[in-house]
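We count ligands from 1, going down the list as the structure has it; atoms in each ligand are counted the same way. Along the sequence shown, residues carry numbers from 1. This one's a predicted model, so the numbers in the text were calculated from it and none came from an experiment. Computation of the quantities below employed the complete heavy-atom set of this structure, encompassing side-chain atoms and omitting hydrogens, waters and symmetry-equivalent molecules.
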Amino acid sequence: MIRLDGKQTSNRIKEEIKAEVSAMKTRGERVPHLAAVLVGDDGASLTYVGSKVRSCEYVGFDSTLIRLEANISQADLLKQIEDLNQDDTLDGYIVQLPLPKHIDEEKILLSIDPEKDVDGFHPANFGRMALELDAFIPATPFGIMQLLERYEVPTQGKHCVVVGRSHIVGRPISILMSQKGPAGNATVTVAHSRTENLPELTRQADIIVMALGIPEYLTADMVKEGAVIIDVGITRVPDENHPKGYVIKGDVAFDEVAAKSSFITPVPGGVGPMTIAMLLKNTLQARQWNLP
Ligand code: NDP
């Protein structure tokens with residue numbers, strides 16, 4: 001069994017990006033610039049945005065954190081987005097989700113210029129990705145594809161069962177893995193909460209991507225010998241014995257499933273750490289598409 005180490009792989013990707021930025025500086029080019037919009041002061045969002053900004057600094061990008069009051073009106077937020085769309089010094093930006101309840105999240109995401117949408121959530125990017133055109137690919141599925149590719153996990157002709165059909169994970173990864181190209185060419189089945197006989201399906205799978213958010217849902221009896229397991233799930237499970245009062249669990253019962261698998265992502269330390277690295281990769285790509 002080989003662990004697909006997202007921490008190590010994401011660090012390697014960050015080093016590659018850092019080297020590329022340093023080469024841009026040597027050539028006298030402007031370095032990539034990412035902005036992050038944070039509305040309100042939700043603790044988890046603050047943590048995520050903080051580590052995105054720190055990662056930008058680490059690889060040598062310019063970064064701007066725009067903090068807005070939780071009670072900002074939708075009109076004022078849209079105005080802010082428009083300013084970012086017009087800002088030529090900016091290659092890409094993200095709007096940290098979730099947004100406060102009085103804001104129409106879809107309307108905000110649709111107002112982002114697709115050419116600066118480094119989260120890849122705009123329908124224009126999703127459509128371009130599905131048509132195999134240049135596009136910003138959402139960070140989590142992009143990170144999974146990178147892990148599969150860099151570990152040379154065989155995917156061609158394999159049966160992949162994706163459990164979950166969300167717009168940010170399940171659906172895009174099912175599209176990417178069925179496309180031509182590295183880590184692609186798989187035969188993909190998409191399962192969801194209405195799927196009948198899920199264990200029967202997962203037992204036939206060469207590759208299983210779990211993206212549903214139910215801790216330790218995939219157990220050893222649902223997996224065939226030698227399967228590849230990608231665990232996207234992140235759930236905080238209360239645990240009095242832990243200083244933080246909780247532990248992070250994936251969607252896979254790790255120990256028992258790992259014993260049967262050929263490759264597996266741990267939680268934490270698997271898919272999760274890849275996400276920020278892929279956001280940086282998309283921002284570098286945005287800068288390169290914007291050159292000179
Ligand atoms: P969503 O809640 O948007 O989607 C969950 C999906 O799982 C839905 O399609 C749902 O089906 C399906 N589902 C729910 N219950 C079952 C079941 N019993 N059997 C089969 N399918 C089921 O979640 P996300 O895709 O946003 O996230 C999934 C998990 O991944 C979460 O734990 C989240 O925290 C984590 N995550 C991790 C990231 C990372 O960086 N590692 C990034 C993003 C998410 P239906 O459509 O029918 O409702």
Do [X] and [Y] come close enough that some side-chain heavy atom pair is under 4.5 Å?
X	Y	result
V252	E216	no
I248	V267	yes
D231	I208	no
Q146	I144	no

Query raised in the report: Exactly which residues line ligand 1, taking a heavy atom under 4.0 Å from it as the test?
Result: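 Only T140, V163, G164, R165, S166, I168, V169, H192, S193, A211, L212, G213, I214, Y217, V232, G233, I234, V271, G272, T275 have heavy atoms that fall under 4.0 Å of ligand 1, ordered by chain and number.
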
Query raised in the report: Side chains of S63 and H33: donor-acceptor distance under 3.5 Å anywhere?
Result: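 No - no donor-acceptor pair under 3.5 Å links their side chains.
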
Query raised in the report: Do Y93 and D113 get their side chains close enough for a donor-acceptor pair, meaning under 3.5 Å?
Result: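 No, no side-chain donor-acceptor contact under 3.5 Å.
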
